[in-house]
Amino acid sequence: MGDDPASRVYVNNKKKACEELGIYSEEYALAADTSEDELLELIDKLNGKKEISGILVQLPLPQHISEQNVINAINPKKDVDAFHPVNVGKIMTGNFDFVPCTPAGVMAPITQSRPAPRGKDCVVVGRSNIVGKPQAMLLLHQNGTVTICHSRTKDLAEKTKKADILVAAVGIPNFITGDMIKEGAVVIDVGINRLADKKLVGDVDFESAQTVAGAITPVPGGVGPMTIAMLMKNTIKAAEINR
Ligand code: L34
């Protein structure tokens with residue numbers, strides 16, 4: 001909904017990924033002044049549409065729309081973002097169908113190319129419903145010892161410096177600097193911040209961080225594309241579930 005330029009880029013990337021994989025997709029680009037009722041009606045229509053396995057409402061939404069009402073309206077079996085309370089609950093218990101795309105994208109490099117989080121000190125900076133909270137759960141399920149830090153955390157650097165695995169999801173450009181990172185840590189940067197000069201940077205100051213970290217993801221070309229890959233995975237799973 002609306003004309004957020006970043007959303008435009010992300011949605012285009014998602015459509016492109018669908019095309020590459022041969023996944024049928026429909027886009028509904030609604031005007032910013034569309035009413036909540038109209039949006040809910042569209043979701044209801046797609047809930048009932050047989051050839052649609054997955055529904056994703058790109059966030060953020062305009063001020064006059066309740067994000068929670070919209071998420072609640074999506075059939076949990078088609079909720080490829082895993083934002084619906086039913087799916088959020090399943091993530092808590094560990095028996096989930098859909099893994100939220102960004103946290104799943106963060107886990108992929110951690111579990112595939114590095115020793116598992118088991119027994120490791122994991123620090124997540126950020127506590128959003130979309131990233132920070134589910135991220136902490138996924139790391140916990142992998143037997144990590146998890147600390148969630150946020151804007152009211154005291155002595156943040158003291159906490160981040162203990163992390164074997166550090167996930168930055170605060171939305172502040174270059175917020176995590178090299179002096180806040182433990183030597184050899186795995187650093188995953190979830191932030192995508194566009195500076196005034198149009199340059200994209202993460203939440204981690206890559207320059208200073210890369211000299212300390214054992215491994216670090218870049219922005220762009222890091223978690224963003226992985227988020228989309230995980231969305232594709234969820235969509236295929238949804239197709240299987242709904243068949
Ligand atoms: N409903 N809303 C819903 N689900 C999501 O999973 C998202 N998210 C976040 C924003 N709103 C959402 C995304 O899709 C962030 N996000 C996302 C998706 C793709 C990319 C970044 C964020 C991406 O493709 N990033 C590229 C560069 C993008 C650019 O050039 O601006 C990268 O290399 O990081």
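Order of listing sets the numbers, starting from 1, for every ligand and every atom in it.
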Side chain to side chain contact (heavy atoms under 4.5 Å, CB included) with Gln135: of Thr102, Leu140, Val106, only one passes, and it is Val106
Lys233 atom NZ: more than 12 heavy-atom contacts under 6.0 Å: no
Where does ligand 1 get N/O contacts under 3.5 Å from the protein, atom by atom?
unit_1	atom_1	unit_2	atom_2	d
ligand 1	1 (N)	Val57	O	2.8
ligand 1	1 (N)	Asp81	OD2	2.7
ligand 1	2 (N)	Leu59	N	3.0
ligand 1	4 (N)	Asp81	OD1	2.9
ligand 1	4 (N)	Asp81	OD2	3.3
ligand 1	11 (N)	Gln58	NE2	3.2
ligand 1	11 (N)	Leu59	O	2.9
ligand 1	14 (O)	Lys14	NZ	2.7
ligand 1	24 (O)	Asn13	ND2	2.9
ligand 1	31 (O)	Arg194	NH2	2.9
ligand 1	33 (O)	Gly221	N	2.6

Tell me whether the count of non-hydrogen atoms from other residues, nucleotides or ligands lying under 6.0 Å of CG in Asp3 goes above 12. no
Taking Lys78 for the side chain and Leu46 for the main chain, is one N or O donor matched with an acceptor at less than 3.5 Å? yes
Ion pair Glu51/Arg243, N-O distance below 4.0 Å: no
Identified side chain to side chain contact (heavy atoms under 4.5 Å, CB included) counterpart of Phe83 within the set Ile71, Leu56, Asn72: Ile71
